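Here's the structure, in structure tokens; my notes come after.
Treat the numbers as computed from the prediction; the structure is a model and nothing was measured. Both counts, for ligands and for their atoms, begin at 1 and track the order of listing.
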Amino acid sequence: MSSTFSLDPGADQLAVRDWLHGFAADVIRPAAAEWDEREETPWPVIQEAAKLGIYSLDFYAQQYFDPSGVGIPIAMEELFWGDAGIGLAIVGTTLAAVAVLANGTDEQIGTWTPQMFGTPDDVKVAAFCSSEPDAGSDVSALRTRAVYDGAKDEWVLNGTKTWATNGGIAAVHVVVATVDPGLGAKGQASFVVPPGTPGLSQGQKFKKHGIRASHTAEVVLDGVRVPGSCLLGGKEKLDERLARAREGVKRTGGRGNAAMATFEASRPAVGAQAIGIARAAYEVALDYAKTREQFGRPIIDNQGVAFQLADMRTRIDAARLLVWRASWMAANNQPFTAAEGSMSKLYAGETAKFVTAQAMQILGGNGFTREYPVERMHRDSAIYSIFEGTSEIQRLVIARAVSGMPIR
Ligand SMILES: Cc1cc2nc3c(=O)[nH]c(=O)nc-3n(C[C@H](O)[C@H](O)[C@H](O)COP(=O)(O)OP(=O)(O)OC[C@H]3O[C@@H](n4cnc5c(N)ncnc54)[C@H](O)[C@@H]3O)c2cc1C
């Protein structure tokens, strides 16, 4: 189904935006500093979001399948405007859900995605585990192995994952593993590890620079056995894919390797999160510049400060246009011939870093303290040029797409 690209999200999306903005302003923002300091998952906030239907499979499915494509970016921008750490604690589950949506059968989607969210009375989270200590940007270098035990129709997973959002505290983990190491990225597959599976444990929990309300940890897989039905997409499809890869037959379309399929689908949404942070910092800085007086006049009376704000706002709006375009293209099956998804994430991520740094400058000494939120926003923004593909990797993807050359 195709819909015309429009900059008017329509009444339904605007109502969702206003509803989420209210939650972000009334519930997330007031809790932000506390959970940043505690560096813990803000379960009470997630539970409140679940009670209101903001943390639910239904809500995300509705936004995900909205033909305009802007449902998810609007939701992300508002939640992350509230706070990025709490925002990620609320939406981190969707990365695992998207992995199942992108690679799973209808039955697998129906079985696992509801368990990722739990219920409002018994809230759960999910984790997507691809990165490893020696395989970050280079996802083809994964060492975690999945070996099939035909006698029991089970897969046995061994390896160590790192930097997994919700890793170890998740009910459902989605793990990307190598089935045939000789095939690199083409020899990988994604597996669901159901709740309570023996052999999966949390390793180190990381203390971080920003987004500290979001849990990030290693996940250790030690002889983890999962039923054959936990291989996303099923064994027949995997065997066909591996056979094609072994014959060296080039795929003419469809998805690439399992991890890349997930990242591709989620990049514009991650860009929208960055825009939420940038907009929040810009608003604080604009307000401050109008009220803070030096030399007998508001500091915004100086062109130097006013032009900073003009640049901040311009970049935020440009980033949103790129994100909405990519989201609309994805929802309407338009091919990303110039890596428009990566473009949107690159520009929005860099914009968040730029805008929050400018905001700190405009707030002067106050910007450097935890009395004002821009210090936290600046720390939070830094992850947006690192995760879901670093800015350098986005540039690589864009450069290859626009040039057709094997740029390294
Ligand atoms: C808070 C947080 C949450 C995360 N959540 C998850 C998650 O839920 N699931 C998950 O699987 N992963 C997650 N990650 C991992 C994240 O995706 C990786 O950190 C990221 O992909 C970069 O990998 P790396 O850290 O190993 O950096 P490296 O790949 O080692 O890169 C180091 C530097 O080298 C540059 N570089 C590398 N290769 C090239 C190249 N070819 N050309 C130019 N420059 C290059 C990079 O851009 C970067 O600047 C998370 C990470 C963090 C910090």
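For ligand 1, the atoms lying closer than 4.0 Å to a non-hydrogen atom of I211 are 1 (C). Within the listing of ligand 1, atoms 17 (O) sit less than 4.0 angstrom from a heavy atom of E388. Those atoms of ligand 1 that come under 4.0 Å of a heavy atom in K208, given as number and element, are 1 (C). Residue I383 has at least one heavy-atom neighbour below 4.0 Å for each of these atoms of ligand 1: 1 (C), 2 (C), 52 (C), 53 (C). Within the listing of ligand 1, atoms 20 (C) sit less than 4.0 angstrom from a heavy atom of I386.
With a 6.0 Å cutoff to the six-membered ring centre and a 45° limit on the axis angle, R267 does not count as a cation-pi contact of F336.
Using a cutoff of 4.0 Å between basic side-chain nitrogens and carboxylate oxygens, D122 and K124 are scored as salt-bridged. K161 has no carboxylate O lying under 4.0 Å from a charged side-chain N of E218, or vice versa, which leaves the two without a salt bridge. Salt-bridge check for E283 with R313: failed, with every basic side-chain N at 4.0 Å or more from each acidic carboxylate O. A salt bridge links R370 with E37; the closest basic N to acidic carboxylate O contact falls under 4.0 Å. Between R143 and D134, at least one side-chain N (NZ, or NE/NH1/NH2) sits under 4.0 Å from a carboxylate O, which counts as a salt bridge.
Polar contact check, E392 against ligand 1: a nitrogen or oxygen pair lies under 3.5 Å apart. Considering backbone and side-chain atoms together, L95 places no N or O closer than 3.5 Å to any N or O of ligand 1.
Using a 30° and 60° split on the angle between ring planes, Y372 and Y288 fall in the perpendicular class, above 60°. Ring pair Y60/F117 is parallel by interplanar angle, where below 30° counts as parallel and above 60° as perpendicular.
With S137, A170, G389 as candidates, the residue nearest to atom 27 (O) of ligand 1 on a non-hydrogen basis is S137. Nearest to atom 48 (C) of ligand 1 by heavy atom, out of T390, V219, I393, is T390.
Of the heavy atoms in T216, only side-chain atoms (C-beta onward) come closer than 4.0 Å to ligand 1. Looking at D138 against ligand 1, nothing comes within 4.0 Å, counting heavy atoms.
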